[in-house]
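Note that these values count all heavy atoms, side chains included, but never hydrogens, waters or copies made by symmetry.
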Amino acid sequence: MNGKSLFKRVLSLNRPTKPDPPKFPLSLWLRLHSSATLTPLMAASLILPSHFFTTYKISKLCLHHMQSANPHKGITCFFPVRALASRTFASVGSVENHVSAPTNTQRSGGSKTSDNDFERELQELFDEVKTLVMNGSKDDAVDLLRANYEAVKERMDAGVRGIEEAATIDIIALGYMAVGDFKFVESLLEMLNEIVGSLKDDEPLLDSVLVHMGSMYSTLGKFEKSMIVYRGAIDNMENIYGKHSVFLITPILGMAKVLGSIGRTTKAVDFYHRAIALLESSRGAECEDLAIPLFGLGSLLLKQGKPTEAETPFLRILNIYTKLYGEDDGRVGMAMSSLAHVKCAMGKANEAIDLYKSALKVIKDSNYMASDDSIVEKMRIDLAELLHAVGRGKEGRELLEECLLITEKHKGKEDPSSVTHLINLATSHSRSKNYVEAERLLRTSLQVLSKTVSPDDQSISFPMLHLAVTLYQLKQDEEAEQLALQALHIREKAFGEDSLPVAEALDCLVSIQTRLTRDDEVLLDQLKRVLSIQEKEFGPESKEVLTTLKKVVHFLDKLGRKNDKLLLQKRLSALRSKFKQQIQQ
């Protein structure tokens, strides 16, 4: 392991309510001998993806910035569970950060001292693994996890399968989630299922293990298993603490999140309301912790297309933070931004713009977040898009320029993250018909990308296709065609020949080649290919299909194929009538 040796620090647990452990005690704490002393980190999400941008268009109108507030989504550990103060109610990967659950002093049985020592070492092990992952020492983290796994497996093979083993495997599974070895996590969860099924309901740490399992299953997309485990955690806590205990908040919120993920929104809403009611009854109607279930509820209602109903929980969050911290606090700014998204979904664009502007000002003046923070950047982009949508392109462009300048200042002019802003700016200039400036920005973006990715990387096809469109507007059709062809080939290889990105490139290519008077038969075949992809992805009666059908009918008429044209003309007329009726309604 890179010349570093591991030494084993043995923890011997002699819990009064359990028989003495076997001769080979459970090994929980294995550190790197040469590691420096590390300050324990507060419990935070474990999944730490090194993400790269995947799209370069200006973000969809009012896409909620809080959805990407925390790129480190995943599982949070608590041994014991602590009430942790989050910088913002929305920047969370899981719910366990925010609501306390019972510690061993609140549970029956067991030795307080030995339990607390055990929990402390579990937490330290978790923090150690997390720190190694965050520092890029993935191999060291894997070695640490593997050593602990082998030690606990040895005890299990000897027939020892109690809460200590379950809690240790739980921590190991959380660690492998951080590393990204999800396949091994699944096998660890199966081991956990076997153990927890035989444990008594009042075992210390069992609630924490069950909640972690539910969260891990959810992250892995195993939603049915996640619900079963969360249900078990809820039933277990209800039996011990009663149905009105605040300790139930964590598994209830976990259950609500899973139900929302699988489309059982009515049931999910019920769970969010239950969490809200429990917090209100135990901590009051203005408790800060209410922001978590209120945010989950509001987001779910937005997802359902019910912005009017979603407005109430988001307004309530804003009022809670304003009363607790004052109008100039950064948390108030974040709440304003969330409410701005709701207003936008309600069609109240001017109110949304005012809220976004106020939010950005409060966050900046309070130094709540750095100017280059990804959340603040997303807010600027959302506001810029909204300003463009209402015809205030100049104001929107100024925000996009600010994003680019901030990125270049903090990361350098050749950092690939600047490409998103270059393309957004180019799009803005294209909307204002300033194609010369758009061309310059897009060529710059291609130069930046060419230094960081391979020539056939899918990411390079986005500015490439944007540039093809811009050159088409500048009547530089030959170069535009070559760029569109190149982007098409890259996307076919990266996404598949029947993918939407390929359809987009084909549609662009047809427009360019039509003006270059390329073969009409070839162009018609390409349009049919676009139509087939759109029918599969959007449905045979979508607006996208309507637009492409018009083009297909045009080429059939041009080629003199009257019979084929008549068949599609009937379908086109029916679609037009349908959308006309929808507009009138």
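Across Leu386 and Ala349, no two heavy atoms sit closer than the pair CD2-O, 3.9 Å. Contact detail for Pro540 and Val545: the closest heavy-atom pair is O-CG1, 3.5 Å. In terms of heavy atoms, Ala268 sits closest to Gly260 at CB-N, 3.6 Å. Nearest heavy-atom pair across Lys543 and Phe579 is CG-CE2, 3.3 Å. Nearest heavy atoms, Cys344 versus Ala352: N-CB, 3.8 Å.
Side chain of Thr407 to backbone of Cys403: a donor-acceptor contact under 3.5 angstrom is found. In this structure, the side chain of Ser461 does not engage the main chain of Asp457 through any donor-acceptor pair within 3.5 Å. In terms of modelled atom types and a separation under 3.5 Å, the side chain of Ser226 and the main chain of Tyr217 share no donor-acceptor contact. The backbone N or O of Leu315 sits less than 3.5 Å from a side-chain atom of Asn319, completing a donor-acceptor pair. Put simply, the side chain of Ser299 never gets that close to the backbone of Gly296: no donor and acceptor are under 3.5 Å apart.
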Intermediate values then yes/no, salt bridge (charged side-chain N to carboxylate O under 4.0 Å, His left out), Glu492 and Arg529:
CA-CA 13 Å; Glu492 286 177 331; Arg529 188 176 164 194; 2.7 Å; yes

Going through the distances and angles, do Ser432 and Arg397 end up as a side-chain hydrogen bond (donor to acceptor under 3.5 Å, both in side chains)?
CA-CA 10 Å; Ser432 300; Arg397 192 154 48 249; 3.2 Å; yes

Could you walk me through whether Glu395 and Arg392 pass the salt bridge (charged side-chain N to carboxylate O under 4.0 Å, His left out) check?
CA-CA 6 Å; Glu395 292 178 65; Arg392 295 161 63 177; 2.8 Å; yes

Check against salt bridge (charged side-chain N to carboxylate O under 4.0 Å, His left out), Glu437 and Arg440
CA-CA 5 Å; Glu437 179 61 13; Arg440 184 190 71 79; 2.7 Å; yes

Could you walk me through whether Ile512 and Leu516 pass the side chain to side chain contact (heavy atoms under 4.5 Å, CB included) test, one step at a time?
CA-CA 7 Å; Ile512 296 168; Leu516 286 169; 4.1 Å; yes

Please test Lys394 against Leu387 for side chain to side chain contact (heavy atoms under 4.5 Å, CB included), starting from the C-alpha separation and ending with a verdict.
CA-CA 8 Å; Lys394 185 175 182 297; Leu387 287 165; over 6 Å; no

Between Gln534 and Thr548, does the side-chain hydrogen bond (donor to acceptor under 3.5 Å, both in side chains) criterion hold? Intermediate values first, please.
CA-CA 9 Å; Gln534 291 176 336; Thr548 304; 2.5 Å; yes

Starting from the C-alpha separation in whole Å, work towards a yes-or-no answer on side chain to side chain contact (heavy atoms under 4.5 Å, CB included) for Val362 and Lys357.
CA-CA 9 Å; Val362 168; Lys357 287 187 172 183; over 6 Å; no

Between Val419 and Ile423, does the side chain to side chain contact (heavy atoms under 4.5 Å, CB included) criterion hold? Intermediate values first, please.
CA-CA 6 Å; Val419 172; Ile423 295 177; 3.8 Å; yes

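With respect to Arg443 and Glu439, a salt bridge is recorded, a charged nitrogen being found less than 4.0 Å from a carboxylate O. Between Glu521 and Lys558 no salt bridge is recorded (no basic side-chain N to carboxylate O distance below 4.0 Å). Note on Glu535 versus Arg571: salt bridge recorded, some NZ/NE/NH1/NH2 to OD/OE distance being below 4.0 Å. Between Arg264 and Glu224 there is no salt bridge, since no side-chain nitrogen of the basic residue lies less than 4.0 Å from a carboxylate oxygen of the acidic one.
The number of heavy-atom neighbours closer than 6.0 Å to CG of Asp525, taken from other residues, nucleotides and ligands shown, is above 12. For CD of Glu398, the number of neighbouring non-hydrogen atoms (other residues, nucleotides, ligands) closer than 6.0 Å is greater than 12. Residue-environment remark: NZ (Lys493) stays at or below the threshold of 12 foreign heavy atoms within 6.0 Å. Within a 6.0 Å sphere centred on CD of Glu327, heavy atoms belonging to other residues, nucleotides or ligands number 12 at most. Enclosure of atom CG in Asp519 by more than 12 non-hydrogen atoms of other residues, nucleotides or ligands within 6.0 angstrom is indicated.
Taking 4.5 Å as the limit, every side-chain heavy atom of Val502 sits out of range of all side-chain heavy atoms of Val530. By the 4.5 Å heavy-atom criterion applied to side chains, Lys562 and Asp557 are not counted as neighbours. Put simply, the side chain of Leu471 does not reach to within 4.5 Å of the side chain of Tyr435, judged on heavy atoms. No side-chain heavy atom of Lys409 sits under 4.5 Å from any side-chain heavy atom of Leu404. Looking at heavy atoms from C-beta onward, Leu568 lies out of side-chain contact with Asp564 at the 4.5 angstrom threshold. Using a 4.5 Å cut-off on side-chain heavy atoms (C-beta onward), Leu300 and Tyr272 make contact. With contacts defined as side-chain heavy-atom distances shorter than 4.5 Å, the pair Leu302/His341 qualifies. You'll find the side chain of Met334 stays beyond 4.5 Å of the side chain of Tyr321, heavy atoms only.
Val552 pairs in a side chain to side chain contact (heavy atoms under 4.5 Å, CB included) with only one of the listed residues (Leu523, Leu527, Leu572), which is Leu527. When each of Leu485, Ile460, Leu465 is tested with Ile490 by the rule side chain to side chain contact (heavy atoms under 4.5 Å, CB included), just one qualifies, namely Ile460.
For the atom pair CG (Leu474) and CG (Leu467), the distance works out to 9.0 Å, reported to the nearest 0.5 Å. For the atom pair NE2 (His421) and CD1 (Ile406), the distance works out to 8.5 Å, reported to the nearest 0.5 Å. Rounding to the nearest 0.5 angstrom, the gap separating the OG1 atom in Thr470 from the NE2 atom in His466 is 8.0 Å. One distance of note links CG of Leu355 with OG of Ser338; it measures 10.5 Å at 0.5 Å rounding. Note that CG of Leu360 is 7.0 Å distant from CG of Leu399, once rounded to the nearest 0.5 Å.
The cationic atom of Arg491 (NZ for Lys, CZ for Arg) lies less than 6.0 Å from the six-membered ring centre of Phe462 and within 45° of the ring axis.
For Lys343, the side chain to side chain donor-acceptor pair (under 3.5 Å) test picks out Glu311, Glu351, with sequence neighbours left out.
For Phe295 and Phe314, the gap between ring centers is short of 6.0 Å.
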